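Worksheet: one structure, shown below.
Here the structure is a predicted model, which means the values were calculated and not measured. Reminder, nothing fancy here: chain letters follow the sequence lines and each chain counts from 1.
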Amino acid sequence: MEITGWLLDADYIIEDDVPIIRLFLSTEDGPVQARIDSFTPYFYLVPAEDIDDLAEAVADLEPEEGTITGTEQTTRVDNGQKQEVLKVETAVPPDVPKLKDQCWELDAVQEAREFDIPFYKRFLFDHDLRPPSRITVEGDPLTDPSFDGQTIAATSVAQTETDDILPSDTLAFDLEVYKDEIIMCSFYSDGYRKVLVNEEDGFEAEYVEPVASEQALLERMMAIIKDRDPDILVGYNTDEYDFDVLRDRCEEHGLELTIGRTDRRVTFQRRGRFQGALVEGRIHLDLYAFVSTVMSMTMDTETLTLDAVAQELLGKQKEDMHWEDIKNAWRDREQLDELASYALKDSELAYELAESIVPQIHSLSVLTGLVPFDTCRTSYGQLVENFMIREAAQRDILVPNRPSQRRIGERHSQGDYLGGFVYEPEEGLHEDIAIFDFRSLYPTIILSHNISPDTLDRAECTDELAVEVDEETYTFCQDEQGFIPALLDDLVTERYEIKDSLQELDEQTQAYRDADNRQNALKILSNAFYGYLGYASARWYSRPSAEATTKLGREYIHETIDIAEEMGFEVAYGDTDSVFLKGETIQTDMDTFLDRVNSMLPSYMELEFEGYFERGLFTYTDEGRGAKKTYALLSPDGDLKITGFEYVRRDWSRLARETQEQVIRHVLENDVEGAVEVVTATIEDLKNGDVDPESLTIYTSMSKRPENYDTKAPHVEAAKKAQKRGHDIGAGDTVDYVITAGGGSISDRAELTQYADDYDATYYIDKQIIPVAHRVLKVFGYSEEQLRGEGKQSGLNQFA
DNA sequence: CTTGACCGGGG
DNA sequence: GTGTACGGTCAAG
């Protein structure tokens, strides 16, 4: 029989000493497990000298551990050169590491290769499967009571359409815990809301289901997941928190945590510093894992709390209930419906985040060939590397070995190399700024200059590109396209095509969203190659390639600046791939400028017009030089774009942040006096006690329990005082406090916001408002004293 | 200035 | 499990 379905996940098991690949599918007729028993584990040996000598030595080998089931002489491409290798096949995957060690000791062996690629990945890469798109399997039905669905013994597997990606069938969940016991478990899905509550009385909401005990809650929770049987299970920080709790509590009650489609319990896959909770037969995605590893790079928020991430991506907030309130409410059995609603909200946010994030994970999976479980938890470096390994398999390229710890240390100890060029701005206000930037600068440099470890310093080459970096000269052979440029060629070309086609699609359609996710995945991956070349743990690490890339980037920016200056524009600022230009004729001469720059650029590279701004503010550093990476821009429609002002952080009060934004806005609207007035008025309000203490709150997280601090710090003292009032504050809690009026040190007067009846105006003026305002207004000659409303001559700080 | 410990998210 | 992979910040040395 033949079955077509979306490939959710893959793994392998060993039965009767035979490795069996298991593919978990979702089909229109329900879950399917396809088992393949014909795939053989293998690795490669590179001969020290002669391939026949090597083959003979391996044939004579009597392994102490593991079984060699066959060998084959074949040819692969190694660092751009043809290389004869011996493919060694083993009985089971665990034999591979054992046998490669024994083989590597043979004199005839130079080195072993491709011995550490997990068996299920090897299978997916070699068959060019792209989870979670659709595949077709052929074979006979099989009885397997351990799987909740149909099982078939597959004899053939093939990818069908890669653009037919798994439709959403998602269940979000979240736990609430009090004193190490689960008190609530919420679920959210399309048309489904449920909060299980370990408390039988007092709840009104229709979605609440009371249960009699924690054990009953766990049993009901597992039953709900099995009953709803979702392909995808999501949550926020579920790998490191919720599943940890579930494991512990199930153990406590003697329950098995089985919520997958097999009879196996949830397993925890250690991967360096993270663990992933694997639910067999489904895709468990921890949205925090993907947000923190991949998405945070392009996000504005500094913290990756569910609240902040939902705020930025969805424009929505969690309900306004603090952890302290939750504990108290539960302890006193008060506001129970608010509690349930809070619990539900977290699942709802996770579900809504999943609607936008999961398709991105899927697109990256289709591109890299990783299963969504892995894509969700993989760093940029691993994403690139897995993509390269799969492409290497398709091109008969021999994958380099991972560097040893010693080698990684050596790479680190080489220190940093020069990055992008940053133009030091002249401080003050600049008018009429046009910003231009290079479209995908580093990917297009690598592509158009054929920068790659396998084109570097080639012995026989007719067309060489020399790049001088410091004292060194690196040459990249232009005769044939290198491995990395070839990959980027595909990625960049496809992305440009999709970007073009997007313009003809309606944004509301699924086709648009699919194409947009695909182009975003292409962008994420292609932008990660440059970083990968300089990543010390990379198999294809090439510091010369990374250095040459930034060197060429600096050259292109300099040439762009030269052309701009020749044309009479003034350069206000520039950073790595962008230039900020000024000049009365900038609007009319823009096309000429772009033409001149673009005509000097090689193919693929392009300078684009990014935007026009009426005014820009640049500050200077304490040394009196133009501050790089710190500026504010005002667009013609009144939008502010603020970059790098360090006071715009959570460890500053909201009043300070808002004051700085207002000051910047006034200054950009050519109203410096108005900016000063904002400061003066804010100071007056503070002095008169007219400011809401909420806007003075400062947030700091506790790294340890309050009593374990040796030093006296405001947040620690506030926490200690709160403890005396009966609060339970532990390591990891975020403390929100206000500096109150009165005598003693700052720390003595720090109180949790809820207990702050007043505030210390002097503190907020001197330590919060003046610094953020002065940061901007010093550019216009204002001293801190002047902003405080004192005569410059006084020089005394009366508030000290 | 360099080195080592700590931290992220969750309740 | 064909295991075990981060990067930034901050206090101490």
Side-chain angles (χ1 to χ4, degrees), chain A residues 11-14 19 39-44 66 88-101 112-123 125 174-184 235-245 267-276 278 286-293 296-297 302-309 321-327 330 342-343 346 350 374 377-383 385-386 389 399 401-403 405 408 412-413 415 531 535-539 701-704 710-711 728 730-734:
Chain A
D11 67 4
Y12 85 94
I13 53 172
I14 296 175
F39 188 59
T40 310
Y42 65 88
F43 64 100
Y44 294 106
V88 180
E89 297 183 336
T90 73
V92 288
D95 285 349
V96 168
K98 296 171 191 162
L99 287 166
K100 71 96 179 157
D101 282 334
R113 290 286 195 88
E114 305 197 15
F115 46 78
D116 56 359
I117 296 163
F119 192 54
Y120 72 94
K121 281 190 190 174
R122 180 91 267 177
F123 180 85
F125 294 165
D174 180 53
L175 298 182
E176 307 299 329
V177 176
Y178 178 71
K179 295 199 186 223
D180 297 330
E181 272 204 34
I182 302 170
I183 57 173
M184 290 185 272
Y236 202 79
N237 204 24
T238 38
D239 277 345
E240 302 273 315
Y241 187 74
D242 301 67
F243 272 108
D244 243 12
V245 171
T267 57
F268 293 82
Q269 317 242 315
R270 267 256 152 247
R271 296 154 176 239
R273 136 192 129 76
F274 276 120
Q275 65 178 3
L278 186 86
D286 178 350
L287 300 176
Y288 168 71
F290 188 69
V291 166
S292 62
T293 52
S296 62
M297 287 282 272
E302 297 221 0
T303 55
L304 299 177
T305 57
L306 176 58
D307 207 9
V309 170
M321 202 163 177
H322 295 286
W323 173 227
E324 195 66 29
D325 305 333
I326 293 162
K327 280 191 297 191
W330 181 260
Y342 171 90
D346 277 6
D374 286 336
R377 296 160 173 86
T378 295
S379 66
Y380 274 96
Q382 295 296 318
L383 220 47
E385 192 153 281
N386 280 290
I389 292 172
V399 175
N401 289 337
R402 314 174 65 143
Q405 280 305 316
I408 292 171
H412 278 298
S413 67
Y535 166 52
S537 304
R539 292 172 189 260
S701 50
M702 309 279 300
S703 54
K704 40 191 176 186
D710 297 328
T711 50
D728 176 27
D733 286 355
T734 298

| field | DNA chain C contacts made by residues 93-101 of chain A, counting heavy atoms under 4.0 Å | value |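 Going residue by residue through residues 93-101 of chain A, the ones with a heavy atom under 4.0 Å of DNA chain C turn out to be Pro93(A), Val96(A), Pro97(A).
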Given atom [atom1] of [X] and atom [atom2] of [N], what is their separation to the nearest angstrom?
X: Glu114(A); N: dG3(C); atom1: CD; atom2: P; answer: 12 Å
X: Met297(A); N: dG7(C); atom1: CE; atom2: P; answer: 9 Å
X: Asp374(A); N: dG1(C); atom1: CG; atom2: P; answer: 9 Å
X: Gln275(A); N: dG9(B); atom1: CD; atom2: P; answer: 17 Å
X: Phe274(A); N: dG7(C); atom1: CZ; atom2: P; answer: 12 Å
X: Asn237(A); N: dG8(B); atom1: CG; atom2: C1'; answer: 9 Å
X: Phe268(A); N: dG1(C); atom1: CZ; atom2: P; answer: 13 Å
X: Ile183(A); N: dG10(B); atom1: CD1; atom2: C1'; answer: 14 Å

Non-hydrogen atoms of [X] and [Y] that approach each other most closely:
X: Phe43(A); Y: Arg113(A); value: CB-O, 3.5 Å
X: Ala538(A); Y: Pro403(A); value: O-CD, 3.8 Å
X: Phe39(A); Y: Pro19(A); value: O-CG, 4.1 Å

[atom1] atoms of [N] and [M], separation to the nearest Å:
N: dG10(B); M: dC6(C); atom1: P; answer: 23 Å
N: dA5(C); M: dG1(C); atom1: C1'; answer: 15 Å
N: dT9(C); M: dG9(B); atom1: P; answer: 13 Å

Applying a 4.0 Å non-hydrogen cut-off, can you work out what [X] is touching in the nucleic acid: base, sugar-phosphate, or nothing?
X: Asp174(A); result: sugar-phosphate
X: Tyr44(A); result: nothing
X: Phe115(A); result: base
X: Leu175(A); result: sugar-phosphate
X: Ile117(A); result: base

>> Could you work out, with side-chain contact (heavy atoms from CB on, under 4.5 Å) as the rule, every residue matching Ser379(A), not counting sequence neighbours?
In response: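 Only Gln382(A) meet the side-chain contact (heavy atoms from CB on, under 4.5 Å) criterion with Ser379(A).
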Worksheet item: Residues in side-chain contact (heavy atoms from CB on, under 4.5 Å) with Ser296(A), at least two apart?
Response: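 Leu304(A).
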Quick test: give all pairs of protein nitrogen or oxygen and nucleotides 4-6 of chain C nitrogen or oxygen below 3.5 Å, distance rounded to 0.1 Å.
unit_1	atom_1	unit_2	atom_2	d
dT4(C)	OP1	Arg402(A)	NH1	2.5
dT4(C)	O2	Arg270(A)	O	3.1
dA5(C)	N7	Gly272(A)	N	3.4
dC6(C)	N3	Arg273(A)	NE	3.1

Contacts of type side chain to side chain donor-acceptor pair (under 3.5 Å), residue Thr238(A), not counting sequence neighbours:
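His284(A).
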Problem set entry | By side chain to side chain donor-acceptor pair (under 3.5 Å) - contacts of Glu114(A) (at least two apart) |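 Only Arg122(A) meet the side chain to side chain donor-acceptor pair (under 3.5 Å) criterion with Glu114(A).
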ask   = With respect to the phosphate group of dG1(C), does any side-chain polar atom (N or O) of Gln269(A) fall under 4.0 Å of OP1 or OP2?
value =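 Indeed, a polar side-chain atom of Gln269(A) lies that close.
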Could you walk me through whether Asp239(A) and Arg271(A) pass salt bridge (Lys or Arg N to Asp or Glu O under 4.0 Å), step by step? CA-CA 11 Å; Asp239(A) 277 345; Arg271(A) 296 154 176 239; over 6 Å; no
Does Lys100(A) make a cation-pi contact with Phe115(A) (under 6.0 Å, within 45 degrees of the axis)?
->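 Verdict for Phe115(A): a cation-pi partner in Lys100(A).
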Problem - Reference residue Tyr288(A); test side chain to side chain contact (heavy atoms under 4.5 Å, CB included); the match among Asn237(A), Leu306(A), Thr293(A) - result: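 Exactly one pass, corresponding to Asn237(A).
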